[in-house]
Amino acid sequence: MNSDSDLQIAGDILEVTHLLQTPREHPATVAEFVGLARGIAEDRSQWEHLVRYDATSRWYHRLRSGPGYEVWLLSWVPGQGSGLHDHGRSSGVLTVLDGTLTERTERGTRALRAGAQRVFAPGYVHEVVNDALEPAVSLHVYHPGLTEMPMHTAPHCEARTEPGALTA
């Protein structure tokens, strides 16, 4: 019968340094990619001075890259959208930094406000649009780095909802 806790008997695991994982220089898991995006979002000094707005097309800038991943900064003026697409073999994390974006998928329409994050796997089909009256800024992490963005037609994804309809 143990009168002490197992932790006291075994010792403090944090003292056994060879059992601890060393912090990674680059993310490698979904949770780490989400954490990377959140960290960048919280530190405006990493991205705010880089943002540009282009009335003719979405503006984008590769903010960072590492082994097997890329981080992109995008701006969206009112009315700009991505078109219905997927990201080929890449998974991703979409984080809205400023403003509001609308995401349309076959499951419905969702408003993404500053701070919102969406995580998606390869083959995820969606359209992202700035339906608001103010510009928006988003951060996109792709693993592996984005090499293709196949476009889709509306029949594959019933993205639009009727006015007043419930959305996901």
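Quick note: numbers below take in every heavy atom, side chains included, and nothing from hydrogens, waters or symmetry partners.
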[X] side, atom [atom1]; [Y] side, atom [atom2] - distance, nearest 0.5 Å:
{"X": "Asn130", "Y": "Leu101", "atom1": "CG", "atom2": "CG", "value": "5.5 Å"}
{"X": "Leu97", "Y": "Leu73", "atom1": "CG", "atom2": "CG", "value": "6.5 Å"}
{"X": "His26", "Y": "Glu32", "atom1": "NE2", "atom2": "CD", "value": "11.5 Å"}
{"X": "Tyr142", "Y": "Ser65", "atom1": "OH", "atom2": "OG", "value": "14.5 Å"}
{"X": "Ser75", "Y": "His61", "atom1": "OG", "atom2": "NE2", "value": "11.5 Å"}

Apply ring-ring contact (aromatic ring centres under 6.0 Å, His included) to His85 and list each qualifying residue two or more places apart in sequence or on a separate chain. His87, His126

Using the side-chain contact (heavy atoms from CB on, under 4.5 Å) definition, which of the options Tyr53, Trp59, Trp76 pairs with Val137?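 So the option named by the test is Tyr53.
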
Minimum heavy-atom distance between [X] and [Y], given as atom pair plus value:
{"X": "Ala132", "Y": "Thr100", "answer": "CB-O, 4.1 Å"}
{"X": "Val93", "Y": "Phe120", "answer": "N-CE2, 4.2 Å"}
{"X": "Pro150", "Y": "Gly88", "answer": "CD-N, 3.8 Å"}
{"X": "Arg104", "Y": "Leu84", "answer": "O-CD1, 4.5 Å"}
{"X": "Ser90", "Y": "Gly145", "answer": "OG-O, 3.4 Å"}
{"X": "Ser82", "Y": "Met149", "answer": "O-CE, 4.1 Å"}

Thinking salt bridges, do Arg44 and Asp98 make one under a 4.0 Å N-O criterion? yes

Indicate whether the side chain of Thr95 and that of Gln117 have a donor and an acceptor atom separated by less than 3.5 Å. yes

Is it the case that the side chains of Arg64 and Tyr69 hold a donor-acceptor pair, with the cut-off being a distance below 3.5 Å and no angle test? no

Does Glu48 have more than 12 heavy atoms from other residues, nucleotides or ligands lying within 6.0 Å of its CD? yes

Tyr60 atom OH, over 12 foreign heavy atoms within 6.0 Å: no

Intermediate values then yes/no, side-chain contact (heavy atoms from CB on, under 4.5 Å), Val71 and Arg62: CA-CA 6 Å; Val71 180; Arg62 187 165 66 180; over 6 Å; no

Closer than 3.5 angstrom, by distance alone: can the side chain of [X] be matched with the main-chain N or O of [Y] as a donor-acceptor pair?
{"X": "Glu127", "Y": "Thr105", "result": "no"}
{"X": "Gln80", "Y": "Val77", "result": "yes"}
{"X": "Trp47", "Y": "Ile40", "result": "yes"}

Given Leu74 and His140, is the side-chain contact (heavy atoms from CB on, under 4.5 Å) satisfied, shown in steps? CA-CA 8 Å; Leu74 280 75; His140 304 249; 3.3 Å; yes

Report the C-alpha distance between Thr102 and Val128 in whole Å, list the side-chain angles of each, state the deciding distance to 0.1 Å, and finish with yes or no for side-chain contact (heavy atoms from CB on, under 4.5 Å). CA-CA 6 Å; Thr102 301; Val128 180; over 6 Å; no

Before you tell me yes or no, could you show the steps for Phe33 and Val141 under side-chain contact (heavy atoms from CB on, under 4.5 Å), namely the whole-Å CA-CA distance, both residues' side-chain angles and the distance that decides it to 0.1 Å? CA-CA 7 Å; Phe33 286 115; Val141 180; 3.5 Å; yes

Could you tell me whether the side chain of Leu112 reaches within less than 4.5 Å of the side chain of Arg118, counting heavy atoms only? yes

Any side-chain heavy atom of Asp86 sitting closer than 4.5 Å to one from His152?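 Yes, close enough: below the 4.5 Å cut-off.
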
Starting from Val96, can I reach Tyr124 by hopping between I/L/V/M/F/W/Y residues whose side chains sit under 4.5 Å apart?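 Same cluster: Tyr124 reaches Val96 through Ile, Leu, Val, Met, Phe, Trp or Tyr contacts under 4.5 Å.
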
Please name all residues satisfying side chain to side chain contact (heavy atoms under 4.5 Å, CB included) with Ser57, sequence neighbours left out, ordered by chain then number.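 Partners of Ser57 under the side chain to side chain contact (heavy atoms under 4.5 Å, CB included) test: Asp54.
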
